[in-house]
Peer 1: 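Mind having a look at this structure? Questions to follow.
Everything quoted here is computed from the prediction, not taken from an experiment. We name chains A, B, ... by the order of the sequence lines, and we start the count at 1 in each one.
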2 protein chains.
Amino acid sequence: MSHTTSVMKLRTHPTAPFDLLTHGLSGPARTRITALLHRNARRYTAGSDIVREGDNTVPFFWVLDGWVALNKSLEDGHVQTIDIILPSDVITPAAWERSISTFDVHALTDITVSALPLTDLDSLELADPPHVWASIRNLSAAARARIAERVLRLGQGSAEMRVAYVLTELYLRISALDDDQNMNFHLPLTQQQIGEFAGLSSVHVCRTLRRLSRGGLIDTNDHLNITIKDLDGLVSIAGIELNRLKAEILPSETQA
Amino acid sequence: MSHTTSVMKLRTHPTAPFDLLTHGLSGPARTRITALLHRNARRYTAGSDIVREGDNTVPFFWVLDGWVALNKSLEDGHVQTIDIILPSDVITPAAWERSISTFDVHALTDITVSALPLTDLDSLELADPPHVWASIRNLSAAARARIAERVLRLGQGSAEMRVAYVLTELYLRISALDDDQNMNFHLPLTQQQIGEFAGLSSVHVCRTLRRLSRGGLIDTNDHLNITIKDLDGLVSIAGIELNRLKAEILPSETQA
DNA sequence: CGGCCATTTGAACGCGCTCAAGCGCGGTGG
DNA sequence: CCACCGCGCTTGAGCGCGTTCAAATGGCCG
């Protein structure tokens, strides 16, 4: 499995997923939730679809390890990635009271996810209501904010802006998981998949990456490993106001 | 004010906003909430921005009357409408614990909105927790689903598909508010604004609408009033599976 | 009637697409 | 061990969709 290296890398990060997942929770609640997540953990291999659009599904999954794409597709086969989910993020394929997924849940790497039945969540809720729901709202709000940023560029931005934005967003999110990235990060996506995320053909993703590379903004010599050589330049092309973006798309450090 | 007619029309709908707003709530809770919404209601005129991206804001507004656009813009002045909010829907400009809006809240028509401070909501919550939050989750899930549908077409669809989709989505949502629309609805948007929603220039919106009109799919002779002459055809161009879309983007009739 | 704004139409450009061929690398089997 | 195979990346050629710029038309209000 070609993505194994990436998975291993993530799993040995200094800040383990569980820590982030239960971030801001008090001791007892954290212990309880961690145990629950472990009990319901499942592994899937890269390339598999955990859920397909229209399938029945549990209301949400927590991603413990690996990268997940939320995809929708047209009849002609074109695929659009609505969002990419990283470890410690939550996936809510269906509305709470409903059970039909509104998108495909696709494993970009080997992944570990925990599928929590609503009954279990309810018992957690009774035990420690504010923290669990606050955490979910917090993650959902960050997801909403980054989707909105992408919609803006999908509707109004150039290819260069979209690619620069996607790279910057993913770099920021990965850095929040592990701040030792040092302008370098592993991107377990083919150019085809970057295109599905940015709304571009794989051919044009290639051309755009090369242009950014030739312009000295990034380094893609080691495939799947991106080095950001000029963050300010990339941010400028992406039309990003860096501090604002960080505040909006990263789950906040402090709970209310 | 050129949009007055639209507002008046909405206000005389058989199903008043308040009914839908408190949909599924039991008698006492409904009374309490209706009173609270009234007390906090504010009016704004068409074209005004209630909140701008980056402003401090209350965590959410409920729209009692009129059409609202949630906009983001690039430095070059291009505007993208992330979502359009209709009466009985909720606007959540900021994450719960934060207070900075992630988009402009723009009045497309004269509107009435109720800005609920979090403290009031908390007291409601204590009084009738499940219903209020269930209602908000329900509305948020519908918003998420329709945004995802638009993202798919923004990234992968043609101009014709995007326009057909936008028209169909808005028709379905308005029909849910008032089922006597009979294939005819008031669309209080300029072609410029349709373009901001669909990710197209106003010029191309014009051409696309004319093509749909000439093709016998819609009738736009009465400006701002759209008549759908061939819903199946429009749905087909938009790449929609009608029943599924309805189930996803309309707030569900029954509460859990 | 005059002014303003939205819509409509034309003309031309260019961005990003499709189609197609070539390259590079890792994995597999003879 | 090397040849082959397959997948993903790269590059070229050409096209077409949607853009911008510009001007004309139409409708509404003062």
Peer 1: Any side-chain N or O of His78(B) below 4.0 angstrom from OP1/OP2 of dT20(D)?
Peer 2: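 Result: yes.
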Peer 1: Can a side chain N or O of Arg207(A) be found less than 4.0 Å away from OP1 or OP2 on dT11(D)?
Peer 2: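 The answer is no; no side-chain N or O of Arg207(A) sits under 4.0 Å from OP1 or OP2.
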Peer 1: Any idea which of dA22(D), dG8(D), dC17(C) is nearest the Val203(B) side chain?
Peer 2: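 So the side chain of Val203(B) is nearest to dA22(D).
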Peer 1: Rounding to a whole Å, what distance do you find between Leu189(A):CG and dC7(D):P?
Peer 2: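 For the pair Leu189(A) CG and dC7(D) P, the rounded distance is 19 Å.
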Peer 1: For Arg210(A) and dG12(D), give me the distance from atom CZ to atom P, rounded to whole Å.
Peer 2: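 Going from Arg210(A) (CZ) to dG12(D) (P), I get 11 Å.
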Peer 1: Identify whether the distance between the nearest side-chain nitrogen and carboxylate oxygen of Asp83(B) and Arg146(B) falls below 4.0 Å.
Peer 2: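 Salt bridge between Asp83(B) and Arg146(B), a charged N being under 4.0 Å from a carboxylate O: yes.
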Peer 1: Counting the atoms with a prime plus P, OP1 and OP2 as sugar-phosphate, which does Ser158(A) contact under 4.0 Å by heavy atoms, base, sugar-phosphate, or nothing?
Peer 2: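 Sugar-phosphate contact only.
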Peer 1: Does a side-chain N or O from Gln191(B) land closer than 4.0 Å to OP1 or OP2 of dT8(C), or not?
Peer 2: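 Yes.
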Peer 1: The side chain of His223(B) is closest to which nucleotide in this list: dC9(D), dG16(C), dT8(C)?
Peer 2: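 Nearest nucleotide to the side chain: dT8(C).
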Peer 1: Starting from C1' on dG8(D), measure out to CD on Gln193(A) and report it in whole angstrom.
Peer 2: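 Going from Gln193(A) (CD) to dG8(D) (C1'), I get 11 Å.
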Peer 1: Just how far, in rounded Å, is C1' of dT8(C) from CD of Gln192(B)?
Peer 2: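 Those two atoms, CD and C1', are 15 Å apart.
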Peer 1: To the nearest Å, give me how far apart CG (Asn221(B)) and P (dT7(C)) are.
Peer 2: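 Atom-to-atom, Asn221(B) to dT7(C), this comes out as 14 Å.
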Peer 1: In terms of side-chain geometry, is the basic nitrogen of Asp55(B) or Arg52(B) positioned less than 4.0 Å from the acidic oxygen of its partner?
Peer 2: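 A salt bridge is absent here (no side-chain N lies under 4.0 Å from a carboxylate O).
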Peer 1: Are a donor atom and an acceptor atom from the side chains of Asn182(B) and Asn184(B) found within less than 3.5 Å of each other?
Peer 2: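 Short answer, no.
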Peer 1: Report which part of the nucleic acid Gly195(A) touches: base, sugar-phosphate, or nothing (heavy-atom distance under 4.0 Å, all strands).
Peer 2: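 Since no nucleic acid heavy atom lies under 4.0 Å of Gly195(A), the category is nothing.
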Peer 1: Do Ser140(A) and Arg144(B) meet the criterion of a side-chain donor-acceptor pair at a distance under 3.5 Å?
Peer 2: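 Their side chains do not contain a donor-acceptor pair, so the 3.5 Å distance test is not met.
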Peer 1: Any luck finding a side-chain donor-acceptor pair between Asn71(A) and His106(A) under 3.5 Å?
Peer 2: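 Judged by distance alone, the side chains do not pair up.
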Peer 1: For Leu209(B) and dT8(C), give me the distance from atom CG to atom P, rounded to whole Å.
Peer 2: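 After rounding, the reported distance stands at 7 Å.
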Peer 1: Does the Lys72(A) side chain pair with the main chain of Asp104(A), one donor and one acceptor, at a distance under 3.5 Å?
Peer 2: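 Checked: no pair found.
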Peer 1: If an axis is fit to five pairs at each end of the helix from dC1(C)-dG30(D) to dA21(C)-dT10(D), what is the angle between the two, to the nearest 10°?
Peer 2: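 Nearest ten degrees gives 40° for this helix.
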Peer 1: Using a cut-off of 6.0 Å, state whether more than 12 heavy atoms not belonging to Arg211(A) lie near its atom CZ.
Peer 2: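 More than 12 heavy atoms, drawn from other residues, nucleotides or ligands, come within 6.0 Å of this atom.
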Peer 1: Should Ser201(A) be listed as having a side-chain N or O under 4.0 Å from OP1 or OP2 of dC17(C)?
Peer 2: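 Answer yes for this pair, as a side-chain N or O of Ser201(A) is under 4.0 Å from OP1 or OP2.
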Peer 1: Measure CG/Leu200(A) against P/dT18(C) and give the value in whole Å, please.
Peer 2: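 That distance rounds to 11 Å.
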Peer 1: Tell me: CG of Asp222(A) to P of dC9(D), nearest whole Å?
Peer 2: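 To the nearest whole Å, that distance equals 13 Å.
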